[in-house]
K.L.:
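Structure in structure tokens, see below.
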Amino acid sequence: MKFQAPRGTNDVLPSEAMQWRQIERAFEHVMGGMGYGEIRTPMFEEIELFRRSSGETSEVVSKQMYDFHDKGDRHLALKPEGTAPAIRAYLEHSLAQPGQITRLWYFTPIFRYERPQKGRYRQAHQAGIELIGSSSPAADVEVIEAAVRFYEAIGLKDLTVLLNSIGRAEARIKYCQLILDKLSSWLPGQPLESQQRAEKNPLRLLDSKDPSIQAELVGLPSIFESLEPESLAHYRKVERLLERAGISYVQDPTIVRGLDYYNDTVFEIQSSALGAQSSLCGGGRYDGLIQQLGGPTTPAVGFGAGLERARIAREAAGFPLEELSVDVFVAGEPLTESETEAWVRLLRQSGLSATYDFDLRDLKRQLKMADRARATFVILVGPEEISTGVFKIKTMAESRQDEIPREQVVSWLQSRRPRAET
RNA sequence: GCGGAUAUAGCUCAGGGGUUAGAGCGCCUGUCUGUGGCACAGGAGGUCGUGGGUUCAAGACCCAUUAUCCGCCCCA
């Protein structure tokens, strides 16, 4: 019996793990710099939390949750997204202070039972932020800008920010009716799939790839004509502030989001490197969610970013996998075994990474090992060095060798190491 | 959940019923006695995804199953 990782899950091996750490660190750094604090929430929650927040009819809740009953017969679900748990914790611990703004970031695995594809997995990782307590368009823009700055920080270019407004519930209902009216004579003969879609969320018909639907929708007025004046003004202000921030965007009426809690501003950031799963990140404003979860009426905005997709896009953009490396390989001889070990220990305690050959085979072989291990330096610890107190240090990439007195070795290495620990 | 493709060495891939299954890269060893990379020579490594079936004979054909990829759907 051979085991393999469950469908739609991935092992992350050391060289790829380094990419992950860079991405996570960049996220933490960007969000920290904007005044966000980290929040960590459990891997699973009461299933009801997600039903109440994302909406019963959303695909995520109705079909894709990993849910289970525990031994106490609690009905739980592995979290399929990051916002609802963060808000739950925000309310549970009374982080809310009247009139104050709360900024949170998180990094979490998420779970969805879906058919896997590149960029779509059953366990994925999501990083996101929630800006709670402001209804200002400036808050929307801060959140969008945070996402953009994060992608810049990890070196991704050629991204597209897609922006839309879906207004408030009443405007949305009105607009959906418009869509249904437009399709009323056409819909009855259509596949069940389209009909169900029309029933659950007519807005979703807008981003259908079916050309016949698109043909039917020609001439449909823009959602902006149905928006309440406040929503429209909010949207226009977001546009102006984005321009002022130097963030280019494309207004896209097909961005409607799959989770029910959004209102007004919705956005996605896309990369062309990702095939069908082109969305790197999605978010928007959710002024009704906190009340829905039992809190006071509180406006909020946020986004969730898929990190697998960020990593794939980064790889497609030509970022190579990092090679594992060590700073120093200590080459010794059987005669100098204890001194060799002592050097390894000293270097490690001095903050340099160091390894050596346990078997202390011949020098040629040890140099080869050092090469394989991508050591920056090799220090030779032989009888000669020990008696004279002057050590030979090879800088591998430059094939050069320096002779350094014992007491200067550590500082010599530290000052020449390519880059400090990241 | 629907449609399609793929699975052979650590990696990328050839082989399409008939002796001991191949290449490139990687890995190991030697040429090389305190000096890596390069070159040359040699070597290790495969129950051909898994389980059944057809056949004198299956890596190849058939069925099932698992996984990955592409499109739909959905979204991160």
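Nothing here was measured: the structure is a model prediction, and the numbers come from that model. First the proteins, then the strands, lettered A, B, ... as listed; each starts at 1.
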K.L.:
Rounding to an integer number of angstrom, what distance separates A21(B) and G53(B) when you compare their C1' atoms?
P.N.:
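To the nearest whole Å, 23 Å.
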K.L.:
For Asp287(A) and Asn263(A), which I'm curious about, is there any donor-acceptor pair between the side chains at under 3.5 Å?
P.N.:
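Yes - a donor-acceptor pair under 3.5 Å links their side chains.
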K.L.:
Within 45° of the six-membered ring axis of Tyr113(A) and under 6.0 Å from that ring's centre, is NZ or CZ of Arg122(A) located there?
P.N.:
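Relative to the ring axis of Tyr113(A), which defines the angle, Arg122(A) lies inside both limits.
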K.L.:
For G43(B), give its Watson-Crick or G-U wobble partner with both distances under 3.5 Å, or none.
P.N.:
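Answer to the pairing question: C27(B), which forms a Watson-Crick or G-U pair with G43(B).
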K.L.:
Taking atom types as modelled, is there a side-chain donor on Ser58(A) or Asp260(A) under 3.5 Å from an acceptor on the other?
P.N.:
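Side chains of Ser58(A) and Asp260(A): no pair found under 3.5 Å.
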K.L.:
Rounding to the closest angstrom, what is the interatomic distance between A58(B) and U8(B) at atom C1'?
P.N.:
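About 14 Å, rounded to a whole number of Å.
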K.L.:
Taking any strand in view, what nucleotide pairs with A57(B) in a Watson-Crick or G-U wobble way, both distances under 3.5 Å?
P.N.:
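In the structure as shown, A57(B) has no Watson-Crick or wobble partner.
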K.L.:
Can you check the distance between U6(B) and C25(B), where both ends of the measurement are the P atom (answer in whole Å)?
P.N.:
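To the nearest whole Å, 28 Å.
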K.L.:
Assign G10(B) to syn or anti; the rule is syn for a glycosidic angle within 90° of 0 and anti otherwise.
P.N.:
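Because its glycosidic torsion lies more than 90° from 0, G10(B) adopts the anti conformation.
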K.L.:
Taking only Lys NZ, Arg NE, NH1 and NH2, and the carboxylate oxygens of Asp or Glu, determine whether Asp371(A) and Arg374(A) approach each other closer than 4.0 Å.
P.N.:
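Result for this pair is no, no salt bridge flagged.
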K.L.:
Between Asp181(A) and Gln177(A), do the side chains contain a donor N or O and an acceptor N or O under 3.5 Å apart?
P.N.:
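Result is yes, a qualifying pair exists.
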K.L.:
Going by atom types alone, do Arg112(A) and Gln123(A) pair a side-chain donor with an acceptor below 3.5 Å?
P.N.:
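No, no side-chain donor-acceptor pair sits under 3.5 Å.
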K.L.:
Could you walk me through whether Trp343(A) and Phe391(A) pass the ring pair (Phe, Tyr, Trp, His ring centres under 6.0 Å) check?
P.N.:
CA-CA 11 Å; Trp343(A) 271 111; Phe391(A) 290 79; 5.0 Å; yes
K.L.:
C69(B) pairs with which nucleotide, Watson-Crick or G-U wobble, both distances below 3.5 Å?
P.N.:
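Across all strands, the one nucleotide that pairs with C69(B) is G4(B).
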K.L.:
Could you verify whether a donor N or O on one side chain and an acceptor N or O on the other, from Glu130(A) and Tyr90(A), lie under 3.5 Å apart?
P.N.:
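Judged by distance alone, the side chains do not pair up.
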K.L.:
Rounding to a whole Å, what distance do you find between Phe3(A):CZ and A67(B):C1'?
P.N.:
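Going from CZ in Phe3(A) over to C1' in A67(B) covers 16 Å.
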K.L.:
What one-letter contact string describes nucleotides 69-76 of chain B from 5' to 3', where B marks a base within less than 4.0 Å of any protein heavy atom, S marks contact via sugar-phosphate atoms alone, and - marks no contact?
P.N.:
SSBBBBBB
K.L.:
For a quick check of understanding: with a heavy-atom distance under 4.0 Å over all strands, which category does Glu385(A) fall into, base, sugar-phosphate or nothing?
P.N.:
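Since a base atom lies under 4.0 Å of Glu385(A), the category is base.
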K.L.:
How long is the line joining NZ of Lys392(A) and P of U35(B), in whole Å?
P.N.:
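In whole Å, U35(B) P and Lys392(A) NZ are 11 Å from each other.
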K.L.:
In whole angstrom, give me the gap between the C1' atoms of G43(B) and G51(B).
P.N.:
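Roughly 35 Å separates the two C1' atoms.
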K.L.:
For Gly8(A), answer base if it contacts any base atom (sugar-phosphate contacts may also be present), sugar-phosphate if it contacts only those atoms, and nothing otherwise; contact means non-hydrogen atoms under 4.0 Å.
P.N.:
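Sugar-phosphate contact only - Gly8(A) comes under 4.0 Å of backbone atoms but never of a base.
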K.L.:
Looking only at the side chains, is there a donor atom on one of Glu46(A) and His75(A) sitting less than 3.5 Å from an acceptor on the other?
P.N.:
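Judged by distance alone, the side chains do not pair up.
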K.L.:
Hunt down the Watson-Crick or G-U wobble partner of U35(B), both distances under 3.5 Å, from any strand shown, or write none.
P.N.:
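With both distances under 3.5 Å required, U35(B) matches none.
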K.L.:
Of Pro6(A) and Pro383(A), whose closest RNA chain B nucleotide lies nearer the 5' terminus?
P.N.:
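Result: Pro383(A).
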K.L.:
Measure from CG on Leu367(A) to C1' on G36(B) and round the result to the nearest Å.
P.N.:
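So the CG-C1' distance, Leu367(A) to G36(B), works out to 5 Å.
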K.L.:
Expressed in angstrom and rounded to an integer, what is the separation of Met369(A) atom CE from U35(B) atom C1'?
P.N.:
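Those two atoms, CE and C1', are 15 Å apart.
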K.L.:
Using 4.0 Å as the upper bound for N to carboxylate O, is an ion pair formed by Glu216(A) and Lys182(A)?
P.N.:
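A salt bridge is absent here (no side-chain N lies under 4.0 Å from a carboxylate O).
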K.L.:
Give me the distance, rounded to whole Å, that separates G24(B) from U20(B) when you measure between the P atoms they each carry.
P.N.:
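These two P atoms come out 23 Å apart once rounded.
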K.L.:
Using whole Å, report how far CG of Asp11(A) lies from P of A67(B).
P.N.:
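Asp11(A) atom CG is separated from A67(B) atom P by 14 Å.
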K.L.:
Quick check on Tyr249(A): does its OH atom have over 12 non-hydrogen neighbours (other residues, nucleotides or ligands) under 6.0 Å away?
P.N.:
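Count over threshold, so yes.
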K.L.:
Provide the Watson-Crick or G-U wobble partner of U50(B), both distances under 3.5 Å; none if there is no partner.
P.N.:
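Result: A64(B).
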K.L.:
Give me the distances for all protein-to-nucleotides 31-33 of chain B N/O pairs that come in under 3.5 Å?
P.N.:
{"unit_1": "C32(B)", "atom_1": "O2", "unit_2": "Lys364(A)", "atom_2": "NZ", "d": "2.4"}

K.L.:
Take the protein atom CZ of Phe377(A) and the nucleotide atom C1' of G36(B), then report the distance between them rounded to whole Å.
P.N.:
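In whole Å, G36(B) C1' lies 16 Å from Phe377(A) CZ.
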K.L.:
Would you measure the distance from the P atom in U33(B) across to the matching atom in U19(B) and give it in whole Å?
P.N.:
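Straight-line distance between the two P atoms is 45 Å.
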K.L.:
Taking atom types as modelled and ignoring hydrogens, do the side chains of Lys394(A) and Ser399(A) form a donor-acceptor contact shorter than 3.5 angstrom?
P.N.:
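No, no side-chain donor-acceptor contact under 3.5 Å.
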K.L.:
Under the salt bridge (Lys or Arg N to Asp or Glu O under 4.0 Å) criterion, do Lys63(A) and Glu114(A) qualify, and how do the steps go?
P.N.:
CA-CA 8 Å; Lys63(A) 295 183 184 159; Glu114(A) 291 188 271; over 6 Å; no
K.L.:
Considering only the P atoms, how many Å lie between G49(B) and G37(B), rounded to the nearest integer?
P.N.:
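Taking atom P in both G49(B) and G37(B), they lie 37 Å apart.
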K.L.:
If you pin Thr9(A) and Tyr113(A) to their nearest nucleotides in RNA chain B, which one's is more 5'?
P.N.:
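This one resolves to Tyr113(A).
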K.L.:
Determine the Euclidean distance between corresponding C1' atoms of G15(B) and G22(B); express it in Å to zero decimal places.
P.N.:
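That atom pair is separated by 7 Å.
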K.L.:
Would you say a side-chain N or O of Arg372(A) is under 4.0 Å from OP1 or OP2 of G37(B)?
P.N.:
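Checking Arg372(A) against G37(B): no side-chain N or O falls below 4.0 Å of OP1 or OP2.
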K.L.:
Along nucleotides 40-52 of chain B, 5' to 3', which nucleotides get a B, which get an S, and which get a -, given that the test is a protein heavy-atom distance under 4.0 Å?
P.N.:
-------------
K.L.:
Any side-chain donor paired with an acceptor under 3.5 Å for Thr376(A) and Asp327(A)?
P.N.:
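Their side chains do not contain a donor-acceptor pair, so the 3.5 Å distance test is not met.
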